[in-house]
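In what follows, a single structure is set out as structure tokens and then discussed.
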Amino acid sequence: MSPAHPLGLAPSKIIAVHLNYKSRAAERGRTPSAPSYFLKPPSSLSCHDAVIERPAGCRLMAFEGEIALVIGPTARGVAPERAMDHVQWITVANDAGVYDLRYADRGANLRSKGADGFTPVGPVLVDPASVDLANLRLRTWVNGTLVQDATTADMIFSFDQIVADLSRLMTLEAGDVILTGTPAGASVVEPGDTVEVELGTSGRLSNTIVDARVPLAPYGAMPRFTETDRADAYGGVLDEARPRRLDEPTTALLNGVSTATLSSVLRKRGLEHMFIEGVRPARPDLRLLGTAHTLEYLPLREDLFAARGGGMNAQKRAVEEIGPGQVLVIGARGEAGSGTIGDILALRALRRGATGIVTDGGLRDSPSFAALDLPTYHGPAHAAVLGRRHVPWAVGVAVACGGVLVEPGDILVGDAEGVIVIPPGIAPEVAAEAAEQERQERFIHEQVSAGASIEGLYPLGPARRAQYQAWVASHPDEESR
């Protein structure tokens, strides 16, 4: 039995609206024509100052500041104009959840949003007659920083519409709680973070995130998520910041420069650990370019491999979820004692539009990759399957590959020398600078070949700048590169 709520709340059900703010709809890229809902169990109810436990193994713990309605008189079949007569109180809630378990219930959100403590409500109850329902201000802070700020004027569906709509088919009983949706700005929080939600100036609902102390038992759905889940958890921001596809001008420039030049350009920006070490190309004649789609392997633990290694495990999901223009990046801790991927899964990735594979672990079926038109970079060849040293753990998470931290959506460029990682936000400027650097180096090479001294020439100094510009002008093919 759940402990008594300090405000005396004891709902028979908690109903949450999926999408109900225009700003949130803009993040999601869709606007509903009618409200849709999901249920949260009453046992998820919590209160001000209670902790919110992130289940063991989960990484995408998200908050959603929301206005909550508390039903008073029973409502069944009420019209919109009478709906608010059945709302006794208004307050705030944090519709907490983990995107790592969203896949498990086919949209019902039971495990992702229904865990104990995932619905803190309070700290005070406000009489709806005492406020302007059409212009209520809702704000959320994380560690003191304002992250959500909206009013009910931004709502797609008003309170009275929601209550009336629900009452058409079900009885809303005294004490039932309705969460009315969250505005833009909801995102991921980590253990130690404190989330505060406030309605007007009525007082902040405050809850701190902690990691669960007890491991999640392996006899049910285990945490996992895709790049899409990750983007949704962060509010859709990743869809813009980390696109699946590169724009054409940047693609053309990156395809024309070496990883050595890109490394030099990145180093000027303080990024000195972007070259993936310990991997070699299966096909040095192929060039790699694409955005990262990540797969994490953890060290073998036999009891966990039994639960996570079979069936549609993380390795197979990573292949089936990869999209056009993406590179499968496998973080295998540099472990050389087992294969991490073989030719059949690599062929499937190629058929799905993948543009490459990078693994700092072993490559299985390595002779077959010589005939596969998929740029693949790998550690030593190894015939053993991954269960010898690895547990396939997660898709769409940050991984360490060859000493480089790679996030989903990072850009990878590979040539015969190796693979380098480029943060997507600076890719266009890095590509342009690298192309210019190589243009200068072609000029310098030509001058040195003709007998010129490298003094003031390499690197290109001011005295040689005019000569260089004249050279570019006399080589139209250089201007177009």
Verify, without hydrogens or angle tests, whether [X] (side chain) and [Y] (backbone) share a donor-acceptor contact under 3.5 angstrom.
{"X": "E64", "Y": "A186", "result": "no"}
{"X": "N313", "Y": "P392", "result": "no"}
{"X": "N94", "Y": "V197", "result": "no"}
{"X": "E296", "Y": "V397", "result": "no"}
{"X": "H293", "Y": "A318", "result": "yes"}
{"X": "R139", "Y": "Q148", "result": "no"}
{"X": "Q326", "Y": "T291", "result": "no"}
{"X": "Y297", "Y": "T340", "result": "yes"}
{"X": "H48", "Y": "S206", "result": "yes"}
{"X": "N143", "Y": "T194", "result": "yes"}

Side chains of [X] and [Y] in contact at under 4.5 Å (non-hydrogen atoms):
{"X": "F275", "Y": "V404", "result": "no"}
{"X": "V421", "Y": "I276", "result": "yes"}
{"X": "M274", "Y": "I422", "result": "no"}
{"X": "D154", "Y": "R24", "result": "no"}

Listed partners of [X] passing side-chain contact (heavy atoms from CB on, under 4.5 Å), at least two apart:
{"X": "E335", "result": "R333, R389, H390"}
{"X": "R102", "result": "Y99, N109, S112, D229, D232"}
{"X": "A470", "result": "none"}
{"X": "V142", "result": "F63, V147, V189, D193, V195"}

Set out, in order, the CA-CA distance, both residues' side-chain angles and the distance that settles side-chain contact (heavy atoms from CB on, under 4.5 Å) for L295 and Q315, then state yes or no. CA-CA 7 Å; L295 167 62; Q315 181 200 44; 4.2 Å; yes
Taking atom CG of L146 as the centre, does the number of heavy atoms from other residues, nucleotides or ligands within less than 6.0 Å exceed 12?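 More than 12 heavy atoms, drawn from other residues, nucleotides or ligands, come within 6.0 Å of this atom.
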Hey, can you pull the donor-acceptor pairs under 3.5 Å for the side chains in residues 449-464, sequence neighbours left out?
from, atom 1, to, atom 2, distance (Å)
S453, OG, E455, N, 3.1
R464, NH1, Q467, OE1, 2.9

Kindly compute the distance separating [atom1] ([X]) from [atom2] ([Y]), expressed to the nearest 0.5 Å.
{"X": "T119", "Y": "D95", "atom1": "OG1", "atom2": "CG", "answer": "6.5 Å"}
{"X": "T208", "Y": "D49", "atom1": "OG1", "atom2": "CG", "answer": "8.0 Å"}
{"X": "L304", "Y": "M222", "atom1": "CG", "atom2": "CE", "answer": "7.0 Å"}
{"X": "T250", "Y": "I411", "atom1": "OG1", "atom2": "CD1", "answer": "7.0 Å"}
{"X": "T180", "Y": "N20", "atom1": "OG1", "atom2": "CG", "answer": "6.5 Å"}
{"X": "E438", "Y": "S264", "atom1": "CD", "atom2": "OG", "answer": "10.0 Å"}

So L374 and I357, side-chain contact (heavy atoms from CB on, under 4.5 Å) or not? Walk me through it. CA-CA 7 Å; L374 182 68; I357 295 173; 3.6 Å; yes
Just jot down the side-chain hydrogen bond (donor to acceptor under 3.5 Å, both in side chains) partners of [X], sequence neighbours excluded, or say none.
{"X": "N255", "value": "none"}
{"X": "R352", "value": "none"}
{"X": "E441", "value": "Q437"}
{"X": "H378", "value": "none"}

How close do A416 and P284 get, heavy atom to heavy atom, and via which atoms?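 Scanning both residues, the minimum pair turns out to be CB-O, 3.9 Å.
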Closest heavy-atom contact between V279 and D360? CG1-CA, 4.0 Å
Quiz question: by atom type and distance under 3.5 Å, do the side chains of S258 and E417 form a donor-acceptor pair? no
Scan residues 411-445 for pairs that pass ring-ring contact (aromatic ring centres under 6.0 Å, His included), counting only residues two or more places apart or in two chains.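 Matches after skipping sequence neighbours: F443-Y468, F443-W471.
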Could you walk me through whether R137 and D149 pass salt bridge (charged side-chain N to carboxylate O under 4.0 Å, His left out), step by step? CA-CA 7 Å; R137 190 179 188 186; D149 190 355; 2.8 Å; yes
Show your reasoning for whether side-chain contact (heavy atoms from CB on, under 4.5 Å) applies to Y21 and M155. CA-CA 4 Å; Y21 279 79; M155 279 186 166; 3.4 Å; yes
Can you run down the salt bridge (charged side-chain N to carboxylate O under 4.0 Å, His left out) pairs that involve residues 256-275, sequence neighbours left out, and say none if there aren't any? R267-E272, K268-E433, R269-E429, R269-E433
Dump the intermediate steps for salt bridge (charged side-chain N to carboxylate O under 4.0 Å, His left out) on D373 and R283, then the final yes or no. CA-CA 8 Å; D373 291 327; R283 290 276 304 273; 3.2 Å; yes
Let me check something: any side-chain donor-acceptor pairs from residues 209-221 under 3.5 Å, sequence neighbours excluded? List them with distances.
from, atom 1, to, atom 2, distance (Å)
D211, OD1, R54, NE, 3.1
D211, OD1, R54, NH2, 3.2
D211, OD2, R54, NH2, 3.3

So V399 and I330, side-chain contact (heavy atoms from CB on, under 4.5 Å) or not? Walk me through it. CA-CA 7 Å; V399 298; I330 301 174; over 6 Å; no
